[in-house]
There are 2 protein chains.
Amino acid sequence: MSERFTYDIYNDCCPAREVLGRLADKWALLILDRLEQGPVRFNSLRRDIQGISQKMLTQSLRRLERDGLVHREVQPTVPVTVEYSLTRLGQTLTETVTVLTHWAEHNMNAIIAAQTAYDEAQQA
Amino acid sequence: MSERFTYDIYNDCCPAREVLGRLADKWALLILDRLEQGPVRFNSLRRDIQGISQKMLTQSLRRLERDGLVHREVQPTVPVTVEYSLTRLGQTLTETVTVLTHWAEHNMNAIIAAQTAYDEAQQA
DNA sequence: CAGCATCCTCGGGGATACTG
DNA sequence: CAGTATCCCCGAGGATGCTG
């Protein structure tokens, strides 16, 4: 019966595809990974995740919030500050995402080596 | 020292970002997930993964092959057939990816519910 | 069967300026 | 501070047709 789930994802109209599509967003992955370390404010996130534009950060956060993965809390300070944190659902996801990012960090050398080998083989 | 790794990924020029970028490709995720079930030929993959174009499949496969995640084996039949399978490195990755796709399938209902709630709250 | 090549479009996403 | 709004461009990616 777990097989039933395994195959669903290949279907074009499957909502799980939609969900996967969310994860297939490098910014989302990085944001989730960052949020796992604790609540962060908008500009802090912006600084931490180098290279992300303000537009993309806002967009990704909104999407993550809409998906129920991230919680957005407005603090009534002056000027206003907004704190982002993981929801319970988001936490269950980041556990997996973290494994993924760690995999990326630990295996990047192997990948770079593979790329070099591939490119050289292609040359000849 | 695991903290050192954790922070690397936020750096703009970090190769791990590149790697994550690879994973941030819904087709790649689906392909890896499919290949975990065993070697598959090109057109079979094309059929299994509904909605993918020939161009995208070729492109994703080439990238995965270049990254050393997927093995491409040409069979000298007539006409030629090509079989794709996971490399050892690819296998270590798919273990994680599978967890991710399963998460997507098992939590899609919760996500859809969150979206509906969000949209209704937005309406008012 | 397993691609490569070409054309074309459509929207992702950067840059910039403004606001509560 | 944490956004929204606008303009604009480039490249991801679909459609189509051809080949070893």
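Residue numbers start from 1 in every chain, and the chains themselves are labelled A, B, ... in the order their sequence lines are given, proteins ahead of strands.
- For the pair B/Y10 (side chain) and A/R34 (backbone), a donor-acceptor distance under 3.5 Å is present.
- In this structure, OG1 on A/T116 lies 11.5 Å from CD1 on A/I111, to the nearest 0.5 angstrom.
- For the atom pair CG of A/L64 and CZ of A/R62, the computed distance is 11.0 Å after rounding to the nearest 0.5 Å.
- Straight-line distance from the CG atom of A/L57 to the C1' atom of D/dT4: 14 Å, rounded to whole Å.
- Of the N and O atoms on the side chains of B/E73 and B/S85, not one donor lies less than 3.5 Å from an acceptor on the other residue.
- For the pair B/I49 CD1 and C/dA2 C1', the interatomic distance rounds to 15 Å; values are reported in whole Å.
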Using a cutoff of under 3.5 Å, can you pull out all pairs of nitrogen or oxygen atoms linking the protein to nucleotides 12-15 of chain D, with atom names and distances?
from, atom 1, to, atom 2, distance (Å)
D/dG13, N7, B/K55, NZ, 3.0
D/dG14, OP2, B/S53, OG, 2.5
D/dG14, O6, B/K55, NZ, 2.5

Please step through side-chain hydrogen bond (donor to acceptor under 3.5 Å, both in side chains) for the pair B/T58 and B/Q54, ending with a clear verdict. CA-CA 6 Å; B/T58 303; B/Q54 175 272 324; 2.9 Å; yes
Contacts under 3.5 Å, N or O only, protein and nucleotides 17-20 of chain C:
none

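- Minimum atom distance to the side chain of A/R62 is reached by D/dT4, of the listed D/dC1, C/dA2, D/dT4.
- B/R41 comes within contact range of the sugar-phosphate backbone alone, with a heavy-atom separation under 4.0 Å but no base atom that close.
- Here the side chain of B/T87 pairs a donor or acceptor atom with the backbone of B/G68 at under 3.5 angstrom.
- Checking the phosphate oxygens (OP1, OP2) of C/dC1, no side-chain nitrogen or oxygen of B/Y84 falls inside 4.0 Å.
- A/N43 places its CG atom 6 Å from the C1' atom of D/dA2, with the value rounded to the nearest Å.
- For the pair B/E73 CD and C/dG3 P, the computed distance is 13 Å after rounding to whole Å.
- In the set C/dC1, D/dC1, C/dG3, the nucleotide with an atom closest to the side chain of B/V82 is C/dG3.
- Panel note: side chain A/T94, backbone A/Q91; a donor-acceptor pair is recorded below 3.5 Å.
- Atom-to-atom, CZ of B/R47 to P of C/dG3 comes out at 14 Å; the value is rounded to the nearest Å.
- OP1 or OP2 of C/dG3 has at least one side-chain nitrogen or oxygen of B/R72 nearer than 4.0 Å.
- Rounding to whole angstrom units, CD of residue B/E83 and P of C/dC1 are separated by 15 Å.
- The closest side-chain heavy-atom distance from B/R63 to B/D25 is below 4.5 Å.
- For the atom pair A/T98 OG1 and A/D33 CG, the distance stands at 5.0 Å (nearest 0.5 Å).
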